[in-house]
Every structure is written in C-alpha cells, then in structure tokens.
2 protein chains.
Amino acid sequence: MNLSIAEENYIKSIYKLEEDSPDSVTTNALAAELDTKPASVTDMAKKLKEKKLIDYEKYQGINLTAEGKKTALQIIRRHRLWECFLVNKLAFSWEEVHELAEELEHVRSEKLTNRLSEFLGNPTTDPHGDPIPDAHGKMGKPRIQTSLHKARAKRLEVVAVSDRSTALLEFLNAKGIRLGTQLDVIERYEFDNSIELKIKNQPAFTISEQVSKSIMVKPI
Amino acid sequence: MNLSIAEENYIKSIYKLEEDSPDSVTTNALAAELDTKPASVTDMAKKLKEKKLIDYEKYQGINLTAEGKKTALQIIRRHRLWECFLVNKLAFSWEEVHELAEELEHVRSEKLTNRLSEFLGNPTTDPHGDPIPDAHGKMGKPRIQTSLHKARAKRLEVVAVSDRSTALLEFLNAKGIRLGTQLDVIERYEFDNSIELKIKNQPAFTISEQVSKSIMVKPI
DNA sequence: AATAAAGTTTAGGTAAATCTAAATAAAACG
DNA sequence: CGTTTTATTTAGATTTACCTAAACTTTATT
C-alpha cells in the first residue's frame, strides 16, 4: 500500500495511543498527539478506514486493523533503526535524534531497512531503550517499567524516556539523567506531585509531575 | 530558506540542465527532466523567482541565482553523500542507489550532512564518479566518464561496465568491447536511442539503448 | 430525565502542486 | 515577410491535507 507521509504519521500516532491504553483512540487525543485539529482527524479517519488500516465508526473512536498494526510496526522499525544509526555511527546524543529519525523513517525501502539493521548488528532496542521490531514485525515486549510518577520504590534505574521533545531531553541531560542512571527518591510532594531526586555524588534536585511521567524506571 | 521537496527537486534539475549547457533552461526541458507538464513548470518558476532562487522572465527561460546555486549544491552534496553511504556501508550496487538517495537528500540538517560526510571519510566523489561539494559548496571538476548513452564525444574509451549480468558480458565480449577498448560512434538513432559503433579494424555494429547505458566511457 | 458540557462531525474554504485545454508569443520556414 | 509550427503561459480544475465555524452526539451533572 502506498501511504503519504501524513498517513504514516497518523498510523504511528494511533499505534502509540493504543499502546498506552488499549481502548479506542479518540479523535481529540489523536488531534492532540499530532498537533492538529479534531476536524482534520475525522477527515483522515475516513481515508484510513477506506484503506482498511483502521476500524472506525463515527463517534466510536479509532483502532488499527491487523494490516494497520503491521504498517505501524514497519514505520517504528525504521524510526528506531535510524535512531541507532545516528547515535551509534554518527555520534549524535540520544536527545537530538528523534526529529531526524522522524524524517528518515519515511523512506520506505525494505531492502534499505534490512541492510541498515544488519549494518547496525540487528539491534533489538533503540537508544531510548524502546524495542525495535524485526523484519517480520515482531517486537520484544517493553520491559517491566513504570513512570517515575507511579513508581513507589526508593531506588530506581532509568530504562526509557517516553517523551521525545527536545526540550525535555535536554533538561534531563543537563540533570545527568540518561539510560541506566540510578536515582534515589528523597521526597514526594503531595501538593503538586513534584519529586525530589538525588543521583550519586550530585546535589539533589526537584522535577515536576509532568517530567516524572515521562521518565520510565524499574526498581533495583 | 524553507523549501518544499518539490521546490528542491526543481532547483536540482535546473542546476543539472544549466551544467549541461550554460544557456537559460527552457520550460520544456525542465518539464521533461522532472517528468511533469510545462504549465506546472511555469507555475513553479514564478514561485522560485519570488524566493529569489532563479532569474526568470516570461518566455526568457530560467537561470539559478547565486543563492539558487548554493541551494542546489547543498542538495547535491546530500544526495551524493547518501549514495556513498549506501554503496560503501550498506553494500548496495551503484546502479540501485539513485532513487533512495533521491529521498534521503531531502532531510535538511547540516549537522547530519556533515557528520555523515565525516563518517564516510569526507569523500570527494560519489560511487558514479561525480564530485561531492564540500560543506561550503565547493565542488571538484565534473568527472569525465559517463555512460555511452549520455556521452556526446565521437571517439571514446571504455572505462567500466556497470551491469554484471553474464549475458551482457558475453555479448560485449563477442563484440570485442572490454576495458580500454576505443570506440567510434558512427550514428545515434533517435527513434530507439540505439547507437552504431565501430572498433578499429572491425565491421560496425549496433547496440541498444539498454546496453549503451551500462557502458561507462571517457572521451579521448 | 433534562440540561449543560465535552467531544465529534459536517460544511465550506485555503494553499500547494499538479493537470488539461485554450490563448498567446517566439521561432522556423517557404 | 507572413504563415505555420513549436514553445510557453494563462485560466480553470483537481487532489491532499489542512483549517474555522456551526451542527450534532455523547457524556456528565444536577
């Protein structure tokens, strides 16, 4: 199937929202995710339904079909492989690669994708810790992980960051938070859900609820 | 300046046509090059003139401005670097990379381009032998070798054969065409782009367009 | 259950890049 | 030099992906 870049971006976003909660994806949520207007989402939903990539009935939300999921996984595979390339081969830091991969992922060539994967040593996770689907669309389950916002353990290890906005990633970098960083939770403030953290050999600092929701951790 | 992919492709094609002959580029020639209609070219010419990337007066043809040339060289740089990457790192053969590079070239990031160049060892020519502009838009002399299909000189020397199919190589062998062979072009037939050739002390013979595209030559 | 609020869709419109057909200008020719 | 041919431009449509404003559904709240 020949998809436009816009269509691919919709598929990818629907996949992402379905992953977070397996209910139907709402028009509003998708509009927010894609930074567009609900009316535009409705337009595109009709088109993607026509192409049998989503199930959609008006007012009933959106879900990917099997075909749609397959498509999404191909896009995600390309995206994450390019992120690996940029970080491992071109020495980009993990917070700058998302936007570039966002463009590179739309070059649709299976041969290119598979050769790139091979060149990188068929990696199974990207620089943010997310699993990379293989050539058949098989993807390792995301690790047992919660957001720092929900975690209750005192000592944690950072395993992924779910938000790819450059601003956030730069902030985390400045604080010394990256994959594998070990964090100690000093205090949780009820009134605004902010969290005071400490990294070994560094002064403690506080992060907002919003940031804590984007940091995925596992207990150690 | 922020250009659409369509605009970039126009700029690149104008550059190419100007390179071949330094006169103004005609609407028709550009339409043929871009596989589009003359009317579309006229529309785009107005837009690119507005952006000061070309000089254009109606019925007078098109030429790149200094700014337009700079833009073209950036695009060509990206294209040729990606071709190097595909051939040298991903083991593509040189005849399959053009279309992929055509897509990759539109990812506009100076940082990516320069890092890619560095990663490849700052190559100065691409896998076809064409020079790669440096980060400042400086480019070495255009290569002397082309396919026999494109060459315009009458007397040529064979420098490479790009197709490895046994059938073709047997055919060339039978005709006495090998590396270093000197060819005289007797006639070019417009209707099917076939070419009549002569090798010293042998009877003349004709080759198809397809074959002529696989024979790389340089003028002597 | 009635009404308010929130969410979604429709209707109608815009901008980019294309097209066809018709009009006009430039070039080539007798 | 006028006429025909070729090249180019204009006019008007089309498609894709958006948008706003208004209408309509669904859900939440009294």
Side-chain angles (χ1 to χ4, degrees), chain A residues 1-14 17-18 20-21 23-64 68 71-72 75 102-103 105-106 108, chain B residues 1-14 17-18 20-21 23-64 68 71-72 75 102-103 105-106 108 190-191:
Chain A
M1 181 129 28
N2 235 19
L3 301 181
S4 68
I5 289 175
E7 287 167 332
E8 282 200 346
N9 284 332
Y10 272 87
I11 293 295
K12 201 170 44 135
S13 291
I14 295 165
L17 294 176
E18 267 189 346
D20 290 352
S21 77
D23 313 339
S24 285
V25 173
T26 66
T27 304
N28 260 2
L30 194 46
E33 175 67 27
L34 284 159
D35 194 24
T36 184
K37 296 287 177 285
S40 306
V41 172
T42 301
D43 285 351
M44 185 61 91
K46 289 174 187 163
K47 239 177 96 183
L48 294 176
K49 184 192 179 175
E50 196 59 36
K51 297 192 173 190
K52 300 193 193 304
L53 294 168
I54 62 170
D55 293 321
Y56 167 68
E57 294 302 330
K58 61 156 103 164
Y59 295 108
Q60 298 316 121
I62 292 166
N63 286 98
L64 291 176
T71 303
I75 302 165
E102 203 84 336
E103 299 195 54
E105 76 190 5
H106 297 298
R108 260 151 294 182
Chain B
M1 181 131 26
N2 236 18
L3 300 182
S4 68
I5 289 176
E7 287 167 332
E8 283 200 347
N9 284 334
Y10 271 88
I11 292 295
K12 201 170 43 133
S13 291
I14 295 165
L17 294 177
E18 268 189 347
D20 290 351
S21 77
D23 313 338
S24 285
V25 173
T26 66
T27 303
N28 262 2
L30 194 47
E33 175 68 27
L34 284 159
D35 194 23
T36 183
K37 297 286 178 286
S40 307
V41 172
T42 301
D43 286 350
M44 185 61 90
K46 289 174 186 164
K47 239 178 97 183
L48 294 176
K49 185 193 177 173
E50 196 60 37
K51 296 193 174 189
K52 299 194 195 304
L53 294 168
I54 62 171
D55 292 322
Y56 167 68
E57 294 302 332
K58 63 154 98 165
Y59 296 107
Q60 299 317 121
I62 293 166
N63 286 98
L64 291 175
T71 303
I75 302 165
E102 203 85 335
E103 299 194 55
E105 77 190 6
H106 297 297
R108 258 152 293 176
E190 298 281 318
F191 58 95

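Residue numbers start from 1 in every chain, and the chains themselves are labelled A, B, ... in the order their sequence lines are given, proteins ahead of strands.
- Note: NZ (Lys58(A)) to C1' (dT8(C)) measures 10 Å, nearest angstrom.
- If you measure from atom CD1 of Ile5(A) to atom P of dC18(D), you get 11 Å, rounded to the nearest angstrom.
- For the pair Met44(B) CE and dT9(D) P, the computed distance is 15 Å after rounding to whole Å.
- Rounded to whole Å, atom C1' of dT25(D) lies 10 Å from atom CD of Gln60(A).
- Regarding contacts with the backbone of dC19(D), a side-chain N or O of Ser40(A) is found under 4.0 angstrom from either OP1 or OP2.
- Remark: P of dG7(C) and OH of Tyr59(A) are 14 Å apart, rounded to the nearest angstrom.
- Put simply, Lys46(A) has a side-chain N or O that comes within less than 4.0 Å of OP1 or OP2 on dT10(C).
- Taking only side-chain nitrogens and oxygens, Asn28(B) never comes nearer than 4.0 Å to OP1 or OP2 of dT6(D).
- Remark: P of dA25(C) and CD of Glu57(B) are 15 Å apart, rounded to the nearest angstrom.
- Regarding Glu7(A), its CD atom lies at a distance of 10 Å from the P atom of dC18(D), rounded to whole Å.
- OP1 or OP2 of dT9(C) has at least one side-chain nitrogen or oxygen of Tyr56(A) nearer than 4.0 Å.
- When rounded to the nearest whole Å, the span between CG of Leu34(B) and P of dA16(C) equals 19 Å.
- Lys37(B) has no side-chain polar atom (N or O) that falls below the 4.0 Å cut-off from OP1 or OP2 of dT8(D).
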